[in-house]
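Heads up: the structure comes next, in structure tokens.
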Amino acid sequence: MTSEVIDRVPGSVQIRLAIHRSATMTRIVPSCFLRRVLVAGAAGNLLAGSIAALLPVMLGDGLGLPAMTISVAGLYLLGQAELGLWLAGRGSLPETAVWLLMGGNAAFAFISILPLALAMLTPNLAGALVICAEAWIALAFVELQHLGLARSTRLVEWETYGARLGPQS
């Protein structure tokens, strides 16, 4: 019955429906694993961000890095922590919000390593190890968040019909 109805719909309407379907926002019910990953990432970001934001001069002297760089990184980590905790506490959330957090973590890793690779920063050995470790940890959390996203239940909202469908596989 459904395919007969779809076959009778003109092609231009079918194209518009396909575009609308791809543009709808997919919401997810976060899996327990994703919630735990978000909370763990937020806790680590909160700890590291607080230390970096409150003690940039002391860290800068010990790691051979500019205090301003450490301070800015700390403030960024605090923002990431806030977003992670907010997402973890939601009953359902847009899938794109998790992708945004994952993109932020990947960008943080890239932006951390880039100055070392281009010799724009010349930290001491401890500073270089800290930068490499934070980049590796950020990328590990990207992978864990991706695994948690894959385990989450998807809900699709169809604005055209005004109804929300249940879990999608």
Side-chain angles (χ1 to χ4, degrees), residues 20-60 62-63 65-116 123 126-169:
H20 179 74
R21 284 185 189 135
S22 66
T24 58
M25 184 182 305
T26 302
R27 295 186 66 83
I28 62 166
V29 176
S31 65
C32 184
F33 180 75
L34 179 59
R35 286 186 196 279
R36 288 180 181 162
V37 168
L38 291 172
V39 169
N45 285 342
L46 185 62
L47 178 65
S50 297
I51 292 170
L54 295 174
L55 306 170
V57 174
M58 189 171 84
L59 286 174
L63 301 175
L65 293 167
M68 181 59 77
T69 302
I70 293 173
S71 181
V72 169
L75 293 175
Y76 175 79
L77 289 172
L78 290 174
Q80 283 283 89
E82 182 180 0
L83 179 60
L85 285 175
W86 181 77
L87 290 174
R90 310 275 300 166
S92 72
L93 51 108
E95 186 176 14
T96 53
V98 179
W99 281 103
L100 178 68
L101 185 66
M102 291 166 53
N105 282 335
F108 182 76
F110 177 74
I111 291 170
S112 296
I113 294 294
L114 187 64
L116 285 179
L129 290 175
V130 166
I131 290 172
C132 291
E134 74 180 4
W136 184 85
I137 290 168
L139 292 176
F141 271 100
V142 169
E143 182 62 27
L144 291 172
Q145 290 162 351
H146 186 261
L147 290 172
L149 193 59
R151 293 181 181 187
S152 297
T153 305
R154 283 169 177 69
L155 301 172
V156 180
E157 294 182 8
W158 297 97
E159 297 169 5
T160 303
Y161 305 108
R164 180 195 213 148
L165 298 178
Q168 301 293 310
S169 51

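Because the structure is predicted, anything quoted here is derived from the model rather than measured.
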Side chain to side chain contact (heavy atoms under 4.5 Å, CB included) between Leu65 and Leu59: does it pass, once the steps are laid out?
-> CA-CA 8 Å; Leu65 293 167; Leu59 286 174; over 6 Å; no
Taking all non-hydrogen atoms of both residues, which atom of [X] and which atom of [Y] are closest, and how far apart?
X     : Y     : value
Leu85 : Ala42 : CG-CB, 3.5 Å
Ala52 : Gly74 : CB-CA, 3.6 Å
Val39 : Ala88 : CG2-CB, 3.7 Å

Side chain to side chain contact (heavy atoms under 4.5 Å, CB included) partners for [X], two or more places apart:
X      : answer
Ala53  : Leu75, Leu78
Arg151 : Ser31, Phe33
Arg35  : Pro30
Leu114 : Phe110, Leu118

Can you tell me which residue pairs pass the side chain to side chain donor-acceptor pair (under 3.5 Å) test with a partner in residues 42-57, sequence neighbours excluded?
-> none
Just one of Val130, Leu116, Thr69 clears the side chain to side chain contact (heavy atoms under 4.5 Å, CB included) bar with Pro123, so which one?
-> Leu116
Solution key, residues 102-109 side-chain donor-acceptor pairs under 3.5 Å, sequence neighbours excluded:
residue	atom	partner	partner atom	Å
Asn105	OD1	Gln80	NE2	2.9
Asn105	ND2	Gln145	OE1	3.3

Identify all side-chain donor-acceptor contacts of residues 131-141 below 3.5 Å with residues at least two apart in sequence or on another chain.
residue	atom	partner	partner atom	Å
Glu134	OE2	Ser112	OG	3.3

Spacing of [atom1] belonging to [X] relative to [atom2] belonging to [Y], to within rounding of 0.5 Å:
X      : Y     : atom1 : atom2 : value
Ile28  : Arg90 : CD1   : CZ    : 11.5 Å
Ile70  : Ile51 : CD1   : CD1   : 11.5 Å
Leu100 : Glu95 : CG    : CD    : 12.5 Å
Leu93  : Leu87 : CG    : CG    : 5.5 Å

Report yes if the side chains of Ser92 and Thr153 come closer than 4.5 Å at any heavy-atom pair, otherwise no.
-> no
Check: Leu147 and Val37 side chains under 4.5 Å, non-hydrogen atoms | no
ring-ring contact (aromatic ring centres under 6.0 Å, His included) pairs touching residues 78-107, sequence neighbours excluded, are Trp99-His146
